[in-house]
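Residue numbers start at 1 and run along the sequence shown.
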Amino acid sequence: MMRVINLAIIIASMIFLVGRVMAEEVIINKNLTIHYEQAGSGDTTIIFIPGWMMSSQVFEHQLAHFKGSKQYRALAYDPRGQGLSSKWVEGQTYQQHARDLAQLIQKLALKKVILVGWSYGVTEQLAYINQFGIDKVKAMIMIDTGPKIAGNSRDEWVWYLKDDADGYSRSFTEGIIEHRAQVIAEFSRWMLEEPTSDSVAWVSSIAEQTPSSVAALTNGTGFYLDYSEDLKALEGKIPLLYVVRDEMKGVASQWIQANTPSATAVYMGKHMMFWERANAFNHAMDTFLSSIDGNIF
């Protein structure tokens with residue numbers, strides 16, 4: 001009888017663990033441990049990649065959405081130097097971040113992944129494609145960033161001007177070191193459609209986990225990246241979904257239609273729409289996944 005009771009407890013515990021969001025870590029090498037959170041189970045893993053200075057925390061609504069899923073395993077991680085991962089100053093380029101992602105996929109023995117990058121996380125996933133191709137990539141979702149970071153004018157889908165005439169790039173390289181608290185607060189407020197004091201404080205607390213030197217390096221090295229050709233080459237090869245903030249619809253839709261016309265594009269909210277408009281974002285994601293795999297749960 002006791003053996004039956006113990007077996008029942010073990011089975012109940014396993015069911016509970018499958019349905020919850022779990023925080024774990026994986027050792028990449030002696031200098032780097034990657035923190036990640038996951039929910040659900042399944043052969044396909046959806047990997048959520050946060051943006052500049054952010055962590056897996058921002059994807060809390062997406063992880064909660066996939067709790068109990070038997071078709072998908074949702075995984076969000078903290079890139080090196082961010083969140084709860086190792087604060088290693090070396091290797092702060094998105095090419096190296098992509099190699100870390102490849103190591104994470106290998107260490108966890110993932111066979112089929114859907115990459116979901118947000119902001120500079122899009123740069124990270126495209127850097128992965130640039131170096132490792134799409135052998136393990138089933139589809140991609142790109143949240144509010146195009147394939148290149150700097151351009152010649154605001155008529156392009158970019159973050160910065162190449163001559164930095166508006167000082168925007170400088171504020172996130174030199175500024176994050178010289179005026180850390182101010183830059184973090186202003187950036188956190190800008191990302192939100194409804195920047196309440198509580199939401200700004202929460203986003204800022206996540207950014208505070210990233211050292212200023214790491215933030216300056218990732219932004220400074222990211223400035224030069226252009227993965228336009230890598231993204232164009234995915235047209236017709238794997239399913240693509242863009243989710244872009246409303247104010248960028250004009251330039252983003254023009255680039256998408258010209259270069260990846262078979263992709264799906266959705267426009268909503270501000271930069272953190274996946275958090276503030278979680279229901280709408282998750283619905284768009286579910287619709288996209290359903291178009292690939294049918295019923296998602």
Side-chain angles (χ1 to χ4, degrees), residues 14 17-29 31-51 54-80 82-86 91 94-118 120-143 227 230-231 234 237-241 274 282 285-286 288-297:
M14 290 175 67
L17 289 173
V18 167
R20 65 183 293 203
V21 174
M22 299 182 64
E24 302 185 42
E25 61 181 30
V26 60
I27 298 173
I28 302 300
N29 55 52
N31 296 313
L32 179 61
T33 298
I34 294 291
H35 170 88
Y36 67 95
E37 299 185 6
Q38 61 179 338
S41 60
D43 293 333
T44 299
T45 301
I46 304 173
I47 302 180
F48 293 91
I49 310 169
M54 295 287 101
S55 77
S56 53
Q57 284 182 272
V58 298
F59 295 114
E60 60 178 358
H61 299 314
Q62 284 65 55
L63 291 172
H65 182 67
F66 285 103
K67 284 172 64 176
S69 172
K70 299 296 194 301
Q71 186 167 359
Y72 294 104
R73 173 187 185 184
L75 183 154
Y77 72 96
D78 303 346
R80 66 165 63 204
Q82 298 174 210
L84 299 179
S85 291
S86 301
Y94 285 103
Q95 288 288 99
Q96 180 58 55
H97 279 217
R99 291 190 284 272
D100 296 340
L101 172 57
Q103 283 289 304
L104 179 67
I105 292 171
Q106 180 180 339
K107 295 276 186 180
L108 297 180
L110 305 180
K111 304 301 182 184
K112 291 188 297 183
V113 301
I114 296 174
L115 298 179
V116 185
W118 166 52
Y120 258 136
V122 173
T123 308
E124 190 163 322
Q125 74 188 104
L126 291 174
Y128 174 90
I129 298 297
N130 175 264
Q131 296 175 84
F132 301 99
I134 58 173
D135 287 349
K136 294 184 178 181
V137 180
K138 183 175 183 177
M140 296 219 306
I141 300 175
M142 291 157 284
I143 309 173
Y227 294 115
D230 298 279
L231 185 49
L234 299 181
K237 293 182 179 178
I238 60 172
L240 303 174
L241 170 64
F274 61 91
N282 290 343
M285 180 172 57
D286 287 350
F288 177 68
L289 295 176
S290 181
S291 72
I292 302 170
D293 293 324
N295 186 15
I296 68 167
F297 291 108

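When the side-chain contact (heavy atoms from CB on, under 4.5 Å) test is applied to Ser55, the partners found at least two apart in sequence or on another chain are Gln57, Asp78, Ile206, Gln209. For Gln82, there are no side chain to side chain donor-acceptor pair (under 3.5 Å) partners two or more places apart in sequence or in a different chain. For Ala74, the side-chain contact (heavy atoms from CB on, under 4.5 Å) test picks out Phe48, Leu63, Phe66, with sequence neighbours left out. With sequence neighbours excluded, no residue satisfies side chain to side chain donor-acceptor pair (under 3.5 Å) with Asp43. Judged as a side-chain contact (heavy atoms from CB on, under 4.5 Å), and not counting sequence neighbours, the contacts of Ser291 are Phe288. In terms of the side chain to side chain donor-acceptor pair (under 3.5 Å) criterion, residue partners of Glu24 (sequence neighbours excluded) are, by chain and number, Tyr36, Gln38. Judged as a side chain to side chain donor-acceptor pair (under 3.5 Å), and not counting sequence neighbours, the contacts of Tyr77 are Glu124. Applying the side-chain contact (heavy atoms from CB on, under 4.5 Å) rule to Asn29 yields the partners Asn31, Leu32; only residues at least two apart in sequence or on another chain are considered.
The nearest pair of heavy atoms linking Ala127 to Gln95 is CB-OE1, 3.4 Å. In terms of heavy atoms, Ser85 sits closest to Ile34 at OG-CA, 3.4 Å. For the residue pair His97 and Gly91, the shortest heavy atom distance occurs at CD2-O, 3.8 Å. Minimum interatomic distance between Gln125 and Val116 (heavy atoms only, all atoms of both residues): OE1-C, 3.9 Å.
Here the side chains of Gln62 and Asn282 are in contact, with some heavy-atom distance below 4.5 Å. Taking the side chain as every heavy atom from C-beta outward, Ile129 and Met140 approach each other to under 4.5 Å. Within the 4.5 Å cutoff, the side chain of Leu231 has heavy atoms near those of the Leu240 side chain. Proximity of Met54 to Trp118: side-chain heavy atoms (C-beta onward) are separated by under 4.5 Å at one or more points.
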Fill in: Test side chain to side chain contact (heavy atoms under 4.5 Å, CB included) applied to Ile49 and Tyr128, step by step
CA-CA 12 Å; Ile49 310 169; Tyr128 174 90; over 6 Å; no
Discussion item. Walk me through whether Val137 and Phe132 qualify under side chain to side chain contact (heavy atoms under 4.5 Å, CB included).
Written reply: CA-CA 10 Å; Val137 180; Phe132 301 99; over 6 Å; no
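Residue Leu115 forms a side-chain contact (heavy atoms from CB on, under 4.5 Å) with just one option from Ile46, Ile47, Leu126, and that option is Ile47.
Heavy-atom neighbours of Ile27 CD1 from other residues, nucleotides or ligands within 6.0 Å: at or below the threshold of 12.
Of the inter-residue distances, the one linking Asp230 atom CG with Asn130 atom CG reads 4.5 Å to the nearest 0.5 angstrom. Note: Ile114 CD1 to Lys138 NZ = 5.5 Å, rounded to the nearest 0.5 Å. How far NZ of Lys112 is from OH of Tyr72: 9.0 Å, rounded to the nearest 0.5 Å.
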Side chains of residues 98-110: which donor-acceptor partners sit under 3.5 Å, not counting sequence neighbours?
unit_1, atom_1, unit_2, atom_2, d
Arg99, NE, Gln96, OE1, 3.1
Arg99, NH1, Gln131, OE1, 2.8
Arg99, NH2, Gln96, OE1, 3.1
Asp100, OD1, Arg80, NH2, 3.0
Asp100, OD1, Gln96, NE2, 3.0
Asp100, OD2, Arg80, NE, 2.6
Asp100, OD2, Arg80, NH2, 3.4

